[in-house]
Amino acid sequence: MDLGISLPTFGRQADPEAIVRVAQAAERAGLGAVWAGERLLRPAEAALAGTDQTMELPDTNALAYDPLETLAYVAAKTSTIRLGTSVLGTLFHNPVVLAKRLATLDRLSGGRAMIGLGQGWMQQEFDAAGVSAKRRGAGFEEHLAAMRACWGPDPVRFEGRFYSIPESQIGPKPTGLTLLAGAGAPAAIERAARLGLGLTVVVFAWDGLRQAAEAYGKGQGPLVAHVNGSITERPLDERMPLTGSAEQVAEDLAKARALGVDHVFWNPFDGDPDEMVERIRELNTH
């Protein structure tokens, strides 16, 4: 199991110099990957697609660098560290365009891209992208199939319910691209395993991570734990898994490893990412 960190691509800390600084520090520290997420917009009230539920997003969501452009920029400034998304709103992108962008990142980075693909959850983002939220599920599977067709031998041709690609030559083709599904519900996790995707799971509680690991079983890709929190200077009495002091987190990492987790990365939100890199490095050396 190796460790990683989210790049400062959201909110007041989002800055090209900071992004490169954190990525290069993470590489020097021997971390396994750096990560970037996607947010198209921050509405006044975010609506959960298909429900009447609304929520207020953090202020940091008002400014979000595009993850693929960010990772291409970081690829040019680093040499070995893997470059991850957790996650892209897959259905907000045309499959041919996204397939070419992912293949390009894969080629430019020397096969270091680990792309987490999600179905999207916010109604306003579906509206802005001009895509029906009802496409989740079957539409996600077809989108993935269309991208895989683009990455297969030429001539490419695809006919589906939602997407159509005329017989064409499409390049470049990826050589080392790793695909993950961002999922939490059992059906979505089982779909990831069936489709040959790795899995990235946001960790809120041990039961959730354990259930995700069991549902994924012996999948064909890496199991990634995404932690929204920090490693703190002092122990915490109340905490989520994989947060708290270095000693507390080290104990949790052993538990995560026993569950089959291959990679853990932290999103410290408004915490100091440079400081977090150092704390993760210390964990990584023990």
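Note that the numbering runs from 1 along the sequence shown for the chain.
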Can you tell me how far CG of L259 sits from NZ of K255, rounded to the nearest 0.5 angstrom?
8.5 Å

How close do L199 and A183 get, heavy atom to heavy atom, and via which atoms?
CD1-CB, 3.8 Å

Do V20 and Y73 have side chains that get closer than 4.5 Å, going by heavy atoms?
yes

Just wondering, are more than 12 heavy atoms of other shown residues or ligands nearer than 6.0 Å to CD in E159?
yes

Whether E142 and R161 form a salt bridge (side-chain N of Lys/Arg under 4.0 Å from carboxylate O of Asp/Glu) is what I want to check.
no

Using only atom types and a distance under 3.5 Å, with no angle test, would you say the side chain of E190 pairs donor to acceptor with the backbone of A215?
no

Say you draw a straight line from CG of N94 to CG of L98; how long is it, rounded to the nearest 0.5 Å?
8.5 Å

Ion pair R101/D106, N-O distance below 4.0 Å:
no

Is the distance between the ring centroids of F92 and F126 under 6.0 Å?
yes

Minimum side-chain heavy-atom gap P172-T104 below 4.5 Å:
yes

Closest non-hydrogen atoms of G198 and A192, given as atom of the first, atom of the second and distance, are O-CB, 4.2 Å

Distance-only, no hydrogens or angles: does the Q169 side chain make a donor-acceptor pair with backbone N or O of V156 under 3.5 Å?
no

Hydrophobic cluster membership, V277 vs F265, 4.5 Å side-chain cutoff
no

Using side-chain heavy atoms (C-beta onward) and a distance below 4.5 Å, is L117 in contact with M147?
yes

Common cluster, L197/L177, ILVMFWY with side-chain heavy-atom separation under 4.5 Å
yes

With ring pair (Phe, Tyr, Trp, His ring centres under 6.0 Å) as the criterion, how do H143 and Y163 come out once you've worked through the C-alpha distance, each side chain's angles and the decisive distance to 0.1 Å?
CA-CA 7 Å; H143 191 294; Y163 305 107; 5.4 Å; yes

Check: T70 side chain, D66 main-chain N or O, donor-acceptor pair, under 3.5 Å:
yes

Is there a donor-acceptor contact under 3.5 Å from the side chain of W266 to the main chain of L242?
yes

Taking side chain as C-beta onward, heavy atoms only, is R239 less than 4.5 Å from Q248?
yes

In the single-linkage hydrophobic clustering (I, L, V, M, F, W, Y; side-chain heavy atoms under 4.5 Å), do M240 and I231 co-cluster?
no

Check ion pair E141-R194 (N to O, under 4.0 angstrom)
yes

Distance check, rounded to the nearest 0.5 Å: Q220 atom CD versus T178 atom OG1?
12.5 Å

Looking only at side chains, do Q211 and D207 share a donor and an acceptor under 3.5 Å apart?
no

Spacing of OG1 belonging to T200 relative to CG belonging to D262, to within rounding of 0.5 Å
11.5 Å

Residue pair P241 / F204, side-chain heavy-atom distance below 4.5 Å
no

Please determine whether salt bridge (charged side-chain N to carboxylate O under 4.0 Å, His left out) holds for the pair E282 and R279, giving the CA-CA distance in whole Å, both sets of side-chain angles, and the decisive distance to 0.1 Å.
CA-CA 5 Å; E282 291 173 359; R279 290 180 177 171; over 6 Å; no

Just by modelled atom types, is the V87 backbone N or O under 3.5 Å from a matching donor or acceptor in the T85 side chain?
no

Let me see the working for L7 and L71 under side-chain contact (heavy atoms from CB on, under 4.5 Å), right down to the final yes or no.
CA-CA 9 Å; L7 295 168; L71 294 179; 4.1 Å; yes

Check this for me, if you would: do R42 and E56 make a salt bridge, where the nitrogen-to-carboxylate-oxygen distance has to be below 4.0 angstrom?
yes

Hey, does W35 have a side-chain heavy atom less than 4.5 Å from the side chain of H226?
no

Strictly distance-based, threshold 3.5 Å: is any side-chain N or O of Q24 a donor or acceptor partner for the main-chain N or O of K77?
yes

Ignoring hydrogens, what is the shortest heavy-atom contact between A26 and V34? Give both atom names and the distance.
CB-CG1, 3.8 Å

Closest heavy-atom contact between A14 and L63?
CB-CD2, 3.6 Å

Heavy-atom closest pair (A23 atom, I81 atom, distance to 0.1 Å) is O-CD1, 4.4 Å

Dump the intermediate steps for side-chain contact (heavy atoms from CB on, under 4.5 Å) on L179 and L144, then the final yes or no.
CA-CA 10 Å; L179 296 179; L144 178 63; 3.9 Å; yes

Cationic N near anionic O, under 4.0 Å, D2 to R82:
yes

Polar side-chain atom of N267 near backbone of S6 as donor-acceptor pair, under 3.5 Å
no

Any non-hydrogen side-chain atom of L91 less than 4.5 Å from a side-chain atom of R136?
yes

Under the 3.5 angstrom rule, does the side chain of Q124 hit a backbone N or O of E45 as a donor-acceptor pair?
yes

Give a yes or no answer on whether the side chain of T54 reaches the backbone of A47 with a donor-acceptor pair at less than 3.5 Å.
no

Group every Ile, Leu, Val, Met, Phe, Trp and Tyr by side-chain heavy-atom contacts under 4.5 Å, then state whether W206 and Y216 land in the same group.
yes

Derivation of the side-chain hydrogen bond (donor to acceptor under 3.5 Å, both in side chains) call for Q123 and D127:
CA-CA 6 Å; Q123 184 61 51; D127 295 341; 2.9 Å; yes

What are the two closest non-hydrogen atoms of I5 and M276, and how far apart are they?
CD1-CB, 3.7 Å

Verdict with reasoning, I115 to L83, per side-chain contact (heavy atoms from CB on, under 4.5 Å):
CA-CA 8 Å; I115 303 301; L83 312 166; over 6 Å; no

With clusters defined by side-chain heavy atoms of hydrophobic residues (ILVMFWY) lying less than 4.5 Å apart, directly or transitively, does L88 cluster with L195?
yes

Run the side-chain contact (heavy atoms from CB on, under 4.5 Å) check on L57 and M122 step by step: do they pass?
CA-CA 11 Å; L57 294 177; M122 191 200 305; 3.3 Å; yes

Do P222 and L180 have side-chain heavy atoms sitting under 4.5 Å apart?
yes

Roughly how far, to the nearest 0.5 Å, is CG of L105 from CZ of R107?
12.5 Å

Is a side-chain N or O of K173 found less than 3.5 angstrom from the main chain of I170, in a donor-acceptor match?
yes

Working to the nearest 0.5 Å, report the span between CD of E233 and OG of S245.
10.5 Å

